[in-house]
Amino acid sequence: MKVDIDMGAAPAGAKAMLDLEELLATRLLVQGNSGSGKSHLLRRLLEQSAQWVQQCVIDPEGDFVTLADKYGHVVVDGARTEAELTRIAARIRQHRVSVVLDLEGLDVEQQMRCAAAFLGGLFDAERDFWYPMLVVVDEAQLFAPAVAGEVSDEARKLSLGAMTNLMCRGRKRGLAGVIATQRLAKLAKNVAAEASNFLMGRTFLDIDMARAADLLGMERRQAEQFRDLARGHFVALGPALSRRPLPVTIGAVETSARSSSPKLTPLPQPGDDARDLIFTPAPEERRTIIRKAPTPPAPTPTADILNQLTQAKALAQAESPAPTLFPEIDEAERNSLIEAVMHEMLNDPDASFRTDAVLYQDFLVRCRIRRVPGDQLSLPAFRRRLAVARAGIDGETAQGEPWQQALELSKSLPDDVQGVFFIVAQAAVTASPCPSDATIARAYGTHSSRRARRLLTYFEEQGLIVVRTDFTGNRVVAFPDLGCETSAGDPNGPDEPAQEQFAAE
Ligand SMILES: Nc1ncnc2c1ncn2[C@@H]1O[C@H](COP(=O)(O)OP(=O)(O)OP(=O)(O)O)[C@@H](O)[C@H]1O
Ligand SMILES: [Mg+2]
């Protein structure tokens, strides 16, 4: 189906049309300095195409939330955990709802993490839901910066990875990236290079002009024309727009941006009361203003203080303990609630391949929903419980001496390999077949058998296990400290998930 979107006016009274289906396959990059009209242009594109294609706007300024009233976009508030955002994104693809991800008010690092989680959810949707979708990212240089900035490396990698996926590998999954940036030179090159359509607005800096000329395959001299473009005027080029550079004037929009350009308004006449206005606090401010520091009390002699302290201590000892303000936390109940939450999470087949940090976020939210009492588990404590849960040890064995010793031994290992250690140790403690490479790999959150074998070698180097192969090529792992060993198991066997049993430590 061919659908042409009217973007505004082209020379000689013609309309500037954009071929929507072609756009889905070839993506779009919009660049122009602040105030050149990029967000207006994106709004025009979104409004004109709203009835034809599902849309998602990654909106760092909260500008596009006004699309909700007229076009039915659902606004997703970015102040959520990353796991939640990923799940919401997956549902969006399934139900084909247009959305605005509102990231206003979050700091840059959080904006990057949220956008990465959300784009990740859109990207990883199941094949059945790969319907076409415009993914519009305003201020794309925030999410795909050309150089490292003040944010953590991890956040930058996540966000840049998600943007690269969107622009380089999104097409097959139905995702069409439409990105806008103030400064081409600040946008990661590989992200910009994947767009085949361009709308170039007013550009001042030589370095941006040079990048634009390179992308458009123009002479640098020709790119000089971008310097003189007025607000709302762009040069269009690309298979969805025009085969030759075409000047276009973006048309009007139906909805308004929440933020607009500053307008000059006349100043009030200077009056005699200007000083009063500035230095007199308003009535509502008065309440919070401390007028004068109170005079400090006369110092108490040290001997008196010591005296008071000994008296207070004697008094406290004589009295029965005061009732506490907070009810005692029932540890058993807390434990069983935590176990129930972990059970819920691990029932998700994808849980093995999510990072512990993502699972931990998910865990905290679930704990809040179930009102688990007491302090929340720290990330290391969570990791350990998760690893033990995944090993699938039953309650009775868990109480036995060998398992307790295995838990003790594992403490010398780095967090991320403890899960693997538990899986093999539980096979030894219960004299079950040695887990296959595939099972060990999953416990480590990978699909690589080679890594699984490397981990066993690592445990062996640490003196924790001895690995041997029997005549039939099956593997046996012995634990000298525990005085037990696994029965023989096929290293190339299938991945067999353990039944989580949630033995408490
Ligand atoms: N084609 C147009 N017709 C009418 N008004 C426009 C047009 N383009 C932009 N404007 C107005 O100009 C102002 C600035 O435009 P806009 O917010 O789109 O700029 P921007 O390039 O996104 O700037 P920034 O990079 O700072 O976000 C807005 O008030 C907008 O309504
Ligand atoms: Mg803008």
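Along the sequence shown, the residues carry numbers beginning at 1. In listed order, ligands and their atoms are each counted from 1.
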Do Arg93 and Phe129 form a cation-pi contact, if we require the NZ or CZ to be under 6.0 Å from the six-membered ring centre and within 45 degrees of the ring's axis? no
Closer than 4.0 Å to some heavy atom of Glu139 - which atoms of ligand 1 meet that? 25 (O), 27 (O)
Should the heavy atoms of other residues, nucleotides or ligands under 6.0 Å from CD1 of Ile207 be counted, would the total exceed 12? no
Find all atoms of ligand 1 within a distance of less than 4.0 Å from any non-hydrogen atom belonging to Ile250, and give their numbers and elements. 1 (N)
Has Arg27 got a side-chain atom pairing as donor or acceptor with Gly177's backbone, closer than 3.5 angstrom? no
For Ala230, is there any backbone N or O sitting under 3.5 Å from a side-chain donor or acceptor partner on Arg202? no
Among Arg231, Arg202, His233, which one puts a heavy atom closest to atom 10 (N) of ligand 1? Arg231
Just distances here: any N/O of Gly37 and N/O of ligand 1 closer than 3.5 Å? yes
Counting each atom of ligand 1 from 1 as listed, which ones have a heavy atom of Gly232 under 4.0 Å away? 1 (N), 8 (N)
Applying side-chain hydrogen bond (donor to acceptor under 3.5 Å, both in side chains), run through Asp208 and Thr203 and close with a yes or a no. CA-CA 7 Å; Asp208 294 326; Thr203 306; over 6 Å; no
Looking only at atom types and distance, does a side-chain atom of Gln141 sit under 3.5 Å from a main-chain N or O of Thr181, one as donor and one as acceptor? no
Keeping to distances under 2.8 Å, can you name the protein N/O/S atoms close to the Mg ion (ligand 2)? Ser39 OG
Just which atoms of ligand 1 are under 4.0 Å from any heavy atom in Gln182? 24 (P), 25 (O), 26 (O)
Would you confirm whether Gln418, through its side chain, and Leu413, through its main-chain N or O, come within 3.5 Å as a donor-acceptor pair? yes
If you count the atoms of ligand 1 from 1 in the order shown, which ones are under 4.0 Å from a heavy atom of Asn33? 21 (O)
Looking only at heavy atoms, the pair that brings Ile440 and Ala452 closest together is CG2-CB, 3.7 Å
Any nitrogen or oxygen of Gly35, main chain or side chain, under 3.5 Å from a nitrogen or oxygen of ligand 1? yes
With no hydrogens and no angle check, is any side-chain donor or acceptor of Arg220 less than 3.5 Å from a backbone partner on Ala213? no
Sub-3.5 Å donor-acceptor pair from the side chain of Ser159 to the main-chain atoms of Phe143, do we have one? yes
